[in-house]
Amino acid sequence: MPDPRLPADLPERILKGERRALARAVTLVESTRADHRAQATKLLEALSGHGRQALRLGLSGTPGVGKSTFIEAFGMMLIEADLRVAVLAVDPSSTRSGGSILGDKTRMESLSREKNAFIRPSPSLSHLGGVSRRTREAVALCEAADFDVILIETVGVGQSETMVAEMCDIFVLLLAPAGGDELQGVKRGIMEIADLILVNKADGDLKSTATRTCADYAGALRLMRKRANDPEGFPKALAVSAVEGDGLARAWDEMRALADWRKANGHWDKRRAEQARHWFEEEVQSGLLARLTSDPDTRARIRDLGAEVAAGTTSPDAAAAEVLAGLMPPD
């Protein structure tokens, strides 16, 4: 990996919207080296207070639903409307090798050639929640670079991808035709945080099936508890075709209407403040865990107790309590 050391003019170049500078900055924030983390913190601090806000759209869905096809078609539509679009696509990492294919950019050939588009695939590095641990920082960099819309595509693993809701303004769930009946739609978890459900592939032989699936999910949404940050009629389900472009303009209109309503009613700023607090607490917890695992004595104690647990001579609860008791300061 190239050395992403921090040039003195990098913050200024990012604020000017230079894509090369933005790519270098994302490489920096994704690095796990201690010196790079310090530089990343310095860079983000230098960029704070710019006052720019993009519309952050989280996008999730099962593999094969057409997320990349949808993002390219939707992104091209936004580009044609003179908007700058950033795409942060998270690819699953292998639990064995740690590697990722990072092929999203190759599947968005037309969008990747646009000067007003920025596409960055990143590995999940086994981070749970469907996003990379540093996706939030990449979002902040894209906002500083003055992009109008930021699309955050999750790895697409199913019902547990709720972490992306803590970094986006509107969460879009992409589904395939015949993806489930009305009872399937009532499932908790990812359904509860969706602001807009888009049934993709509503074209050709699947168009009638997509229409029925959309009606099923619309009915399921009406059975769910009303949320305080939703206007009347939200969340809602729509049928779209990324291949033919049908329904994309209406989906964009609904997203803008929801964002405008939340801004006008105070939910936008409140939600962003809650998200900032959430990520502060996440960083504290991650930092504490890193310190715990970096201490040689603690690592050795965990290893020894782990062997006792594996042998059945100590229960997991008792071993964990012993480790935690060793971390507590004496009274």
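As the structure is a computational prediction, the values presented were derived from the model and not from experiment.
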Where the side chain of W279 meets the backbone of E166, is there a donor-acceptor pair that is under 3.5 Å apart?
-> yes

In short, L305 meets A319 closest at the heavy-atom pair CD1-O, 3.7 Å

Decide yes or no on side chain to side chain contact (heavy atoms under 4.5 Å, CB included) for L141 and L44, but give the supporting numbers first.
-> CA-CA 8 Å; L141 291 171; L44 291 167; 3.9 Å; yes

W261 and W268: same hydrophobic cluster, using ILVMFWY side-chain contacts below 4.5 Å?
-> no

Output yes when R262 and D169 qualify as a salt bridge under the 4.0 Å nitrogen-oxygen rule, no when they do not.
-> no

Rounding to 0.5 Å, atoms CG (L28) and NZ (K42) come to a distance of 11.0 Å

Quick one: do R136 and E283 make a salt bridge, cutoff under 4.0 Å?
-> yes

Counting heavy atoms not belonging to D253, are there more than 12 under 6.0 Å from its CG?
-> yes

Given salt bridge (Lys or Arg N to Asp or Glu O under 4.0 Å), test E137 with R37 step by step and report yes or no.
-> CA-CA 11 Å; E137 295 177 353; R37 289 305 310 151; 3.0 Å; yes

Working for side chain to side chain contact (heavy atoms under 4.5 Å, CB included), residues T213 and L175 | CA-CA 9 Å; T213 303; L175 298 174; 5.6 Å; no

Indicate, with yes or no, if F118 and L15 share a hydrophobic cluster defined by side-chain heavy-atom contacts under 4.5 Å among Ile, Leu, Val, Met, Phe, Trp and Tyr.
-> yes

Check whether L55 and M76 end up in the same hydrophobic cluster, where Ile, Leu, Val, Met, Phe, Trp and Tyr are linked by side-chain heavy atoms less than 4.5 Å apart.
-> yes

Are V85 and L59 grouped together when hydrophobic residues (ILVMFWY) are joined by side-chain heavy atoms under 4.5 angstrom apart?
-> yes

Check: T32/R134 side-chain N/O donor and acceptor closer than 3.5 Å | no

State which residue, out of I119, I150, L57, I152, fulfils the side-chain contact (heavy atoms from CB on, under 4.5 Å) condition with V87.
-> I119

How far does OH of Y217 sit from CZ of R222, to the nearest 0.5 angstrom?
-> 14.5 Å

Any sub-3.5 Å donor-acceptor pair from N200's side-chain atoms to A242's backbone N or O?
-> yes

Sequence neighbours excluded, which residues qualify as side chain to side chain donor-acceptor pair (under 3.5 Å) partners of E143?
-> R56, R272

Under the side chain to side chain contact (heavy atoms under 4.5 Å, CB included) rule, what do D295 and R299 come out as? Steps first, then yes or no, please.
-> CA-CA 6 Å; D295 179 65; R299 281 206 315 269; over 6 Å; no

Any donor-acceptor pair under 3.5 Å linking the side chain of E308 with the backbone of T313?
-> no

Quick one: CG on L196 to CG on L173, what's the gap to the nearest 0.5 Å?
-> 9.5 Å

List the atom of G247, the atom of V240, and the distance in Å for their closest heavy-atom pair.
-> O-CG1, 3.7 Å

Any donor and acceptor pair, going by atom type alone, linking the side chain of R212 with main-chain N or O of K207 inside 3.5 Å?
-> no

Kindly indicate whether the side chain of P11, heavy atoms from C-beta on, has any atom under 4.5 Å from the side chain of L43.
-> yes

Under the 3.5 angstrom rule, does the side chain of E72 hit a backbone N or O of S110 as a donor-acceptor pair?
-> yes

Donor-acceptor contact present, side-chain S48 to main-chain E45, <3.5 Å | yes

Can any side-chain N or O of S31 pair as donor or acceptor with the backbone N or O of T27 at less than 3.5 Å?
-> no

Between the side chains of D203 and S241, is a donor N or O closer than 3.5 angstrom to an acceptor N or O?
-> yes

Given T298 and R303, is the side-chain hydrogen bond (donor to acceptor under 3.5 Å, both in side chains) satisfied, shown in steps?
-> CA-CA 9 Å; T298 303; R303 184 180 62 250; over 6 Å; no

Straight-line distance of R225 CZ to D230 CG, nearest 0.5 Å | 13.5 Å

Where do R120 and E30 land on the salt bridge (Lys or Arg N to Asp or Glu O under 4.0 Å) test, with the steps shown first?
-> CA-CA 12 Å; R120 177 69 180 222; E30 288 181 346; 3.3 Å; yes

What closest approach, in Å, do L22 and F147 show between heavy atoms, and which atom pair accounts for it?
-> CD2-CE1, 3.6 Å

Roughly how far apart are D148 CG and R52 CZ, rounded to 0.5 Å?
-> 10.5 Å

Compare every heavy atom of G75 with every heavy atom of L111, then report the nearest pair and how far apart it is.
-> CD1-C, 3.8 Å

Qualifying ring pair (Phe, Tyr, Trp, His ring centres under 6.0 Å) pairs, either residue in residues 37-70, two or more places apart | F70-F74

Contact summary for L88 and T135, nearest pair of heavy atoms = CD1-O, 4.2 Å

Could you walk me through whether R227 and D195 pass the salt bridge (Lys or Arg N to Asp or Glu O under 4.0 Å) check?
-> CA-CA 10 Å; R227 303 179 304 189; D195 296 306; 2.9 Å; yes

Contacts of type side chain to side chain donor-acceptor pair (under 3.5 Å), residue R301, not counting sequence neighbours | E322

Heavy-atom count around K115 NZ within 6.0 Å, excluding the residue itself: above 12?
-> no

Short side-chain to backbone donor-acceptor contact, K67 and G61, under 3.5 Å | yes

D146 and R84 have their tightest heavy-atom pair at O-NH1, 3.2 Å

Identify whether V323 and V309 are in the same connected component of the hydrophobic contact network (ILVMFWY, side-chain heavy atoms under 4.5 Å).
-> no

Give, for atom NZ of K270 and atom CG of N265, the distance between the pair rounded to the nearest 0.5 Å.
-> 12.0 Å

Backbone N/O of N229 and side chain of R271: donor-acceptor pair under 3.5 Å | no

Check step by step if side chain to side chain contact (heavy atoms under 4.5 Å, CB included) holds for L238 and E254.
-> CA-CA 10 Å; L238 303 174; E254 297 288 1; 3.9 Å; yes

